[in-house]
Amino acid sequence: MPRKSARLAALTVAAACSAASTVVLTAPAHADTVRIHDVQGDTRTSPLAGRQVTDVTGIVTGVRAYGSSRGFWIQDPAPDADPATSEGVFVFTSSTPKGVAVGDAVTVSGTVSEYVPGGTSSGNQSLTQITRPAFTVTSSGNPLPAATTLDARSVPAAYAPAGDPAANGSINALPLRPAKYALDLYESLEGMNVRVRDTRVVGATDPYTELWVTVEPHEHPSRRGGTVYGSYDAQNTGRLQIQSLGKASDFPDANVGDTLAGTTEGPLDYNQFGGYTLVANELGTLESADLRREATRGQRSAELAVATYNVENLDPSDDTFAAHAAAIVNHLRSPDIVSLEEIQDNNGATDDGTVAADLTMAKLIDAIEAAGGPRYDWRAVDPADKQDGGEPGGNIRQAFLFNPARVSFTDRPGGDATTATGVTKIRGKAALTLSPGRIDPASEAFANSRKPLAGEFTFRGRTVIVIANHFASKGGDQGLTSHYQPPSRGSETQRHLQAEAVHDFAARILKTEKNADVVALGDLNDFEFSRTAEILEGGGTLWSAIKSLPRSERYSYVYQGNSQALDHILISPSIRRHGRFDYDSVHINAEFHDQISDHDPQVLRFRP
């Protein structure tokens with residue numbers, strides 16, 4: 001049962017007449033004083049939530065004077081013997097706290113509350129805090145309570161307990177077992193001063209001045225210093241987000257594989273965009289691993305090179321065209337066919353009914369040529385206005401770049417936003433009825449989402465049908481640190497329908513021509529081990545070629561310190577059968593703080 005002290009049950013609330021009044025909690029003379037561990041309890045929510053407490057004592061360990069969650073942390077320097085009860089708590093002042101500094105001893109009175117970053121619908125865990133506080137500084141310059149070290153010895157390998165079925169999978173009411181589960185350990189330290197030492201960066205610094213480290217360096221390492229997410233049952237317990245209480249300008253620009261050397265120390269917080277976060281008063285020194293952007297090899301004359309690249313909402317107003325062109329020419333070695341995802345219309349996010357993207361494509365093609373690449377040609381189908389999701393007004397879509405000196409495109413007119421392409425047989429070979437054309441654009445599977453784009457190419461006399469995809473995003477899914485365990489992944493429902501539609505289309509091609517060369521590729525927003533991938537592969541219709549790589553290389557995206565595969569190239573049996581293909585996940589973006597896209601491109605080379 002959750003810990004509910006008898007002394008807490010004896011406490012009674014006096015009363016408060018207004019929010020401006022100092023709230024007083026009175027108790028019988030024999031009752032003990034309320035301590036921070038009493039406020040925190042031994043579950044994820046406080047046994048005193050909604051109640052008023054008085055004269056809670058502690059040492060100030062951190063002051064946050066910015067953002068929407070301003071206040072300070074206090075910690076009791078005399079902990080109890082229960083490892084499940086945190087000795088720290090956040091005091092929410094709403095405005096910049098005045099008259100309080102790190103090292104002050106304070107007494108705090110206020111209301112205990114449970115704040116859910118992102119709102120209750122997010123599924124995030126709640127943060128126990130004292131709100132509407134009145135506080136008094138009783139002394140200054142006190143030593144801080146000793147920080148708890150987080151490392152491979154202290155953080156359990158198991159991630160979280162299974163949720164309580166009686167509470168719809170929530171773990172809120174379960175007693176914390178910090179020696180068994182990583183999420184329980186972190187919760188038992190919520191608000192307390194913690195430290196990490198000599199930690200490897202596994203998630204690059206982002207624009208919000210935060211990065212991710214691992215305190216378990218041997219946990220599923222990538223070849224380049226990250227932590228690979230390779231299973232729903234291996235969430236990588238050593239990942240920890242780092243922010244700073246210092247100036248944003250002082251925060252290091254870190255890449256994956258770098259090290260925060262020395263000690264990083266501060267209160268353990270919980271926030272909407274990453275869960276448990278060490279908010280540093282003391283930040284380690286960045287030591288660079290000198291991570292370099294990869295370059296793949298060029299295709300041989302008899303090899304067809306096909307790539308997928310999410311260019312992140314590219315529109316003519318962006319300043320990244322030269323950088324994307326350099327990536328395609330110098331790092332991807334000018335593939336013969338490039339499936340581009342997130343090509344926006346000619347005026348980007350301006351919402352005025354524009355859907356054409358010819359200016360976007362022309363600017364990219366010009367930049368590639370200026371960078372020393374070939375003069376690409378392109379094909380796409382403009383979406384109907386506001387029907388394909390993405391940034392409002394942007395009308396993102398997939399588009400094909402192709403090098404006409406190496407491949408030819410078979411144009412079969414008639415494709416538009418709402419007309420579906422089909423499969424026919426021409427001279428005994430599978431062919432598209434519309435090329436370029438969209439697959440099943442009226443299906444509910446693609447409502448408010450990008451419709452697959454199919455195109456028919458010829459390389460050295462051999463037809464290759466390419467299907468460019470950008471499946472529904474993971475937006476709305478519960479995070480790995482959700483109080484629902486396992487977390488709900490509601491967005492999968494639509495991706496499963498999309499995968500089924502693309503699989504069935506590929507199967508129709510292969511039914512028409514058993515040995516047809518089919519490539520389905522793009523940003524699938526799901527993992528190689530996911531049900532989405534299983535549906536797409538469909539028992540042998542297609543196969544995700546990223547699985548030909550070692551596990552330490554299977555990633556194209558880094559999210560919350562997990563290196564994971566969202567971008568894929570799937571191939572038909574005729575391509576896989578003889579093993580005459582070569583696959584490369586080209587790491588040029590996801591691991592770097594100065595990325596031009598959040599995705600790494602993928603390249604497949606094969607001999608049709």
Exercise. Which atom names give the shortest non-hydrogen contact between Gln602 and Ser556, and what distance separates them?
Worked result: NE2-CB, 3.4 Å
Problem set entry | Polar contact flag, side-chain donor to acceptor under 3.5 angstrom, Ser449-Gln498 | yes
Exercise. So do the side chains of Asp358 and Trp378 get within less than 4.5 Å of each other, counting heavy atoms only?
Worked result: yes
Problem set entry | NZ/NE/NH1/NH2 to OD/OE distance under 4.0 Å, Arg438 and Asp388 | yes
Problem set entry | salt bridge (charged side-chain N to carboxylate O under 4.0 Å, His left out) between Glu456 and Lys429, worked out | CA-CA 12 Å; Glu456 188 176 322; Lys429 302 292 185 181; over 6 Å; no
For this session: Indicate whether the side chain of Asn469 and that of Asp523 have a donor and an acceptor atom separated by less than 3.5 Å.
Result: no
Problem set entry | Exceeds 12 heavy-atom contacts within 6.0 angstrom, atom CZ of Phe529 | yes
Exercise. To the nearest 0.5 Å, how far apart are OH in Tyr559 and NZ in Lys474?
Worked result: 10.0 Å
For this session: For His568 and Asp526, indicate whether the former's side chain and the latter's backbone hold a donor-acceptor pair under 3.5 Å.
Result: yes
Exercise. Do the non-hydrogen side-chain atoms of Ile467 and Leu521 ever get within less than 4.5 Å of each other?
Worked result: no
For this session: Supply the atom-to-atom distance Ile328 CD1 to Leu340 CG, rounded to the nearest 0.5 angstrom.
Result: 6.0 Å
Exercise. Which heavy atom in Leu453 sits nearest to a heavy atom in Pro436, and how many Å separate them?
Worked result: CD1-CB, 3.9 Å
Exercise. Does Asn271 reach the main-chain N or O of Gly274 with its side chain, forming a donor-acceptor pair under 3.5 Å?
Worked result: yes
Exercise. Is it true that a side-chain atom of Ser597 and a backbone atom of Asn310 form a donor plus acceptor pair closer than 3.5 Å?
Worked result: yes
For this session: Name the orientation class of the two ring planes belonging to His587 and Tyr555 (parallel below 30°, tilted from 30 to 60°, perpendicular beyond 60°).
Result: parallel
For this session: Could you grab the distance from atom CD1 of Ile571 to atom CZ of Arg577, nearest 0.5 Å is fine?
Result: 11.0 Å
For this session: Check whether any side-chain N or O of Asp336 sits under 3.5 Å from a backbone N or O of Arg406 as a donor-acceptor pair, and report yes or no.
Result: no
Exercise. More than 12 non-hydrogen atoms from neighbouring residues, nucleotides or ligands closer than 6.0 Å to CZ on Arg292, yes or no?
Worked result: no
Exercise. When rounded to the nearest 0.5 angstrom, what distance separates CG in Asn562 from OG in Ser222?
Worked result: 11.0 Å
For this session: List the steps, then state whether side-chain contact (heavy atoms from CB on, under 4.5 Å) holds for Glu303 with Arg297.
Result: CA-CA 12 Å; Glu303 289 179 318; Arg297 70 168 176 84; 2.9 Å; yes
Exercise. So with a 6.0 Å cut-off around CZ of Arg224, is the heavy-atom count from everything else above 12?
Worked result: yes
Exercise. Has the side chain of Asp198 got a donor or acceptor atom that lies under 3.5 Å from a matching backbone atom of Gly262?
Worked result: yes
Exercise. Side-chain contact, heavy-atom cut-off 4.5 Å: Tyr583 with Leu549?
Worked result: yes
Exercise. Does Lys451 make a cation-pi contact with Phe471, if we ask for NZ or CZ under 6.0 Å from the ring centre and within 45° of the axis?
Worked result: no
Exercise. Would you say Glu342 and Gln398 make side-chain contact, with heavy atoms under 4.5 Å?
Worked result: no
For this session: Please indicate whether Glu444 has more than 12 foreign heavy atoms, meaning atoms of other residues, nucleotides or ligands, lying under 6.0 Å from its CD.
Result: no
Exercise. Looking at Phe592, does the NZ or CZ of Arg293 lie under 6.0 angstrom from its six-membered ring centre and within 45 degrees of the ring axis?
Worked result: yes
Exercise. Is it the case that more than 12 heavy atoms not belonging to Arg300 sit under 6.0 Å from its CZ atom?
Worked result: no
Exercise. Is the shortest heavy-atom distance from the side chain of Leu401 to the side chain of Ile365 under 4.5 Å?
Worked result: yes
Exercise. Would you say the side-chain atoms of Asn346 and Thr354 include a donor-acceptor pair closer than 3.5 Å?
Worked result: no
Exercise. Is Arg462 positioned over the aromatic face of Phe457, cation under 6.0 angstrom from the ring centre and no more than 45 degrees off axis?
Worked result: no
Problem set entry | For Leu542 against Ala506, the heavy-atom pair lying closest together | CD1-CB, 4.0 Å
For this session: Could you tell me whether the side chains of His503 and Thr541 share a donor-acceptor contact shorter than 3.5 Å?
Result: yes
Problem set entry | N/O donor-acceptor pair under 3.5 Å between Thr350 side chain and Asp352 backbone | no
For this session: Assess the side chains of Gln344 and Asn313: does a donor N or O sit below 3.5 Å from an acceptor N or O?
Result: yes
Problem set entry | Over 12 non-hydrogen atoms of neighbours within 6.0 angstrom of OH in Tyr232 | yes
For this session: State whether the side chain of Glu287 and the backbone N or O of Ala261 hold a donor-acceptor pair below 3.5 Å, judged by distance alone.
Result: no
For this session: Would you tell me whether Asp315 and Ser317 have side-chain atoms, one donor and one acceptor, within less than 3.5 Å of each other?
Result: yes
Exercise. Judged by atom type as modelled, is there a donor-acceptor pair below 3.5 Å linking the side chain of Glu312 to the main-chain atoms of Asp598?
Worked result: yes
For this session: Give the C-alpha distance, both sets of side-chain angles, the deciding distance and a yes or no for side-chain contact (heavy atoms from CB on, under 4.5 Å) between Phe402 and Ser408.
Result: CA-CA 8 Å; Phe402 65 95; Ser408 61; over 6 Å; no
Problem set entry | Side chains of Gln241 and Gln560, donor plus acceptor under 3.5 Å | no
For this session: Kindly say whether Val213 contributes a backbone atom to a donor-acceptor pair with the side chain of Arg200 at under 3.5 angstrom?
Result: no
For this session: Please round to the nearest 0.5 Å and tell me the distance separating atom CG of Asp290 and atom CG of Asp258.
Result: 9.0 Å
For this session: For the residue pair His593 and Asp206, confirm or rule out a side-chain donor-acceptor distance under 3.5 Å.
Result: no
For this session: Give the C-alpha distance, both sets of side-chain angles, the deciding distance and a yes or no for side chain to side chain donor-acceptor pair (under 3.5 Å) between His220 and Asn236.
Result: CA-CA 8 Å; His220 305 126; Asn236 295 318; 2.7 Å; yes
Exercise. For Phe251 and Leu283, which heavy atoms make the closest approach, and how far apart are they?
Worked result: CD1-CD2, 3.9 Å
Exercise. Between the side chains of Thr308 and Glu341, does any donor sit under 3.5 Å from an acceptor?
Worked result: yes
Exercise. Do Pro252 and Leu211 touch side chain to side chain, with heavy atoms closer than 4.5 Å?
Worked result: yes
Problem set entry | Salt bridge flag under 4.0 Å for residues Lys547 and Glu528 | no
For this session: Side-chain contact test, heavy atoms from C-beta onward, threshold under 4.5 Å: evaluate it for Val423 versus Lys511 and give yes or no.
Result: no
Exercise. Under a 4.5 Å cut-off applied to non-hydrogen side-chain atoms, are Asn515 and Leu510 in contact?
Worked result: no
Exercise. Taking atom CZ of Arg508 as the centre, does the number of heavy atoms from other residues, nucleotides or ligands within less than 6.0 Å exceed 12?
Worked result: yes
Exercise. Where do Asn395 and Asp385 land on the side chain to side chain donor-acceptor pair (under 3.5 Å) test, with the steps shown first?
Worked result: CA-CA 6 Å; Asn395 290 310; Asp385 188 35; 3.1 Å; yes
For this session: Would you check if there is a donor-acceptor pair between the side chains of Asn525 and Ser473 at a distance under 3.5 Å?
Result: no
Exercise. Is a side-chain donor or acceptor of Asp504 paired with a backbone partner of Ala501 at a separation under 3.5 angstrom?
Worked result: no
Problem set entry | Parallel, tilted or perpendicular: ring planes of Phe527 versus Tyr229, cut at 30 and 60 degrees | perpendicular
Problem set entry | From Ser563 atom OG to Arg554 atom CZ, the distance as rounded to the nearest 0.5 Å | 14.0 Å
Seminar exercise, completed: Heavy atoms of Pro383 and Ala417 approach each other most closely as C-CB, 3.8 Å
Exercise. Any chance the side chains of Arg605 and Thr296 put a donor and an acceptor closer than 3.5 Å?
Worked result: yes
